[in-house]
2 protein chains.
Amino acid sequence: MATSTVENYLKHMLLLSEGGEELVPMGALAEALAVVPGTVTTMVKALADSGHVEHRPRQGVRLTAEGRRVALNVLRKHRLVECFLVNVLKMDWAAVDTEAEQLEHAISDEVLDRLDALLGHPETDPHGDPIPSRQGKLDSQVYATLATCVVEKALRIVRITDQSAEFLQFAVQNGLLPGETVRVTERNLASGLVTAKKNAGRPLALGLAAAGKILVQPTR
Amino acid sequence: MATSTVENYLKHMLLLSEGGEELVPMGALAEALAVVPGTVTTMVKALADSGHVEHRPRQGVRLTAEGRRVALNVLRKHRLVECFLVNVLKMDWAAVDTEAEQLEHAISDEVLDRLDALLGHPETDPHGDPIPSRQGKLDSQVYATLATCVVEKALRIVRITDQSAEFLQFAVQNGLLPGETVRVTERNLASGLVTAKKNAGRPLALGLAAAGKILVQPTR
DNA sequence: AGATTTATTTTGACTAATCAAAATCACGAT
DNA sequence: ATCGTGATTTTGATTAGTCAAAATAAATCT
């Protein structure tokens, strides 16, 4: 069995490669895992030996099919656990990421399946992130963000891509939750300012960086 | 935070001391944790430094108040998780111990409390073992067993003290579950044989060792 | 008491995961 | 073609937890 350290390396590689095939730079991995770059090099070499990744020295690292399989399973656990914590235990939306971080490594496949059934096989977690299927299929649709979408059009929020408690708190405070409808009324690249409005609400100003963390799709 | 290794050491000390004050022999701990005795010595000295235990060289080890507090919390997590797995996820009675072994170290106090509420504050886990209260109170009543009880009297099963999957399987197969009523019809110390009978059932023979693992109390 | 058995402790070594800091490489700019 | 910069890799150490096997202490049995 993979240790939880290994599971974390693989999971973050998956997240950093957007579910795709790109090489993940060692530095980005180090950043995401909060370890120094040298540690990542060492670990990645071990992971290459065990067949989980392909290491291109001085370039980066890529998941193998096997590594991807493991990573998807961990991600599935993480996101289903988040669903459980929010939907069943009614926990705070912003706090569950930290909890799931631990539980994703402790939960068995058996428990996972039953949890999935209990929750009614959800397709996304409470932040709107897609849950990999048991077969390892991950819906990685490309969405627009509040920083890139068309102006003055009604949009449905589908996902918040910053999992930090602070950002999630901010999102809750301003009702920017998956499912809600918003409209960007103004966007000024020069000043880096985006103004969004919920149907009946007052306009809300946010920076481009923040706006880019909120994924949207046209309302059907 | 205590590592899960530390949590396991403390939990097993608590279990081996029957919730009490007795010194636990190093060998017994090694056995329970499936490590060699030398490892226990090393670890126990570290635990003594951190104030979790008191080490009496060549005699054994005992939990301090702080160690006991941690151990009770872990045990509470273990048993509440078992309840959840059986009552909510409908998992196999005999399999949940292994699962809970992992989860007890990954679950936060916050999640624990909500789980407790969701389950309606149960007092015992599915095997009949008492669940420590949040304040760290553990009901450690002394019960009779099928090996020690009076003969020909109706008794309620309250607990199965062997958590191994094999034994639990056997218990399920023969309907020896907590809550069920049985009567010991015969007990022969010489041959080491105990014969028990469920109200309407055929007599069942079991060895003294096995009988001693089934705790009972008089039917009220 | 003296000898033997049994439990415990010590010693030396190993693995997984990490860091700090020095060495190396690759790439764009001169 | 060389230089400098930034990313990556190496090297040497450290910590937690473990084992094997030798050393020691305590208990038991003549």
Side-chain angles (χ1 to χ4, degrees), chain A residues 1-17 22-64 66-67 70-71 74 101-102 104-106, chain B residues 1-17 22-64 66-67 70-71 74 101-102 104-106:
Chain A
M1 251 306 230
T3 64
S4 61
T5 306
V6 166
E7 288 187 345
N8 271 330
Y9 273 80
L10 299 177
K11 181 186 72 170
H12 278 107
M13 280 182 223
L14 180 65
L15 292 173
L16 288 172
S17 66
E22 312 95 47
L23 281 176
V24 176
M26 308 301 267
L29 242 192
E31 166 91 43
L33 291 159
V35 297
V36 302
T39 302
V40 171
T41 301
T42 313
M43 196 64 198
V44 159
K45 284 205 281 196
L47 252 23
D49 283 349
S50 62
H52 289 99
V53 307
E54 176 194 349
H55 181 205
R56 293 288 184 76
R58 306 256 162 205
Q59 298 185 68
V61 60
R62 191 197 330 259
L63 289 171
T64 62
E66 171 60 8
V70 175
V74 176
E101 210 68 46
Q102 300 304 310
E104 67 189 4
H105 309 295
Chain B
M1 251 305 232
T3 65
S4 61
T5 306
V6 166
E7 289 187 344
N8 271 330
Y9 273 80
L10 299 176
K11 181 186 72 172
H12 278 107
M13 282 182 220
L14 179 65
L15 291 173
L16 290 171
S17 66
E22 312 95 48
L23 280 175
V24 176
M26 309 300 267
L29 243 192
E31 165 92 41
L33 290 159
V35 296
V36 302
T39 301
V40 171
T41 301
T42 312
M43 197 65 198
V44 159
K45 286 205 280 195
L47 252 22
D49 283 349
S50 62
H52 289 99
V53 307
E54 176 194 349
H55 181 206
R56 292 286 184 76
R58 298 230 116 95
Q59 295 184 70
V61 60
R62 189 198 332 262
L63 288 171
T64 61
E66 171 60 9
V70 175
V74 176
E101 210 68 46
Q102 300 304 311
E104 67 189 4
H105 309 296

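Residue B/Lys45 has a polar side-chain atom (N or O) positioned under 4.0 Å from OP1 or OP2 of C/dT10.
Computed from coordinates, the B/Met43 CE to D/dG17 P distance equals 4 Å when rounded to whole Å. For the pair A/Met1 CE and C/dT15 C1', the interatomic distance rounds to 19 Å; values are reported in whole Å. For A/Met26 and C/dC19, the CE to C1' distance is 16 Å, given to the nearest whole Å.
Considering all non-hydrogen atoms of both residues, A/Gly67 and A/Leu10 come closest at O-CD1, 4.2 Å. Shown here for B/His55 and B/Ala48, the closest heavy-atom pair between the two residues is CB-CB, 4.3 Å. The two residues B/Ala32 and B/Leu16 have their closest heavy-atom pair at CB-CD1, 4.1 Å. When all heavy atoms are compared, the tightest approach of A/Leu29 to A/Val61 is CD1-CG1, 4.0 Å.
Residue B/Thr41 is classed as a base contact, given a heavy-atom separation below 4.0 Å to a base.
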| message | Using side chain to side chain contact (heavy atoms under 4.5 Å, CB included), reason through A/His52 and A/Met13 one step at a time and then give a plain yes or no. | response | CA-CA 11 Å; A/His52 289 99; A/Met13 280 182 223; over 6 Å; no
| request: Report the C-alpha distance between B/Leu33 and B/Met43 in whole Å, list the side-chain angles of each, state the deciding distance to 0.1 Å, and finish with yes or no for side chain to side chain contact (heavy atoms under 4.5 Å, CB included). | output: CA-CA 12 Å; B/Leu33 290 159; B/Met43 197 65 198; over 6 Å; no
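When the shell of 6.0 Å around CD of B/Glu31 is examined, it contains 12 or fewer heavy atoms from other residues, nucleotides or ligands.
Between A/Arg58 and A/Tyr9, the one whose closest nucleotide on DNA chain C sits nearer the 5' end is A/Tyr9. Between B/Gln59 and A/Thr3, the residue whose closest nucleotide on DNA chain C is further toward the 5' end is B/Gln59.
A/His105 places a side-chain heavy atom less than 4.5 Å from the side chain of A/Asn8. Looking at B/Tyr9 and B/Val35, their side chains come closer than 4.5 Å, going by heavy atoms from C-beta outward.
Within a heavy-atom distance below 4.0 Å of DNA chain C, the residues of residues 49-57 of chain B found are B/His55, B/Pro57. Within a heavy-atom distance below 4.0 Å of DNA chain C, the residues of residues 27-38 of chain B found are B/Gly27, B/Pro37, B/Gly38.
Of the candidates D/dT9, D/dC19, C/dT18, the closest approach to any side-chain atom of B/Thr39 belongs to D/dC19.
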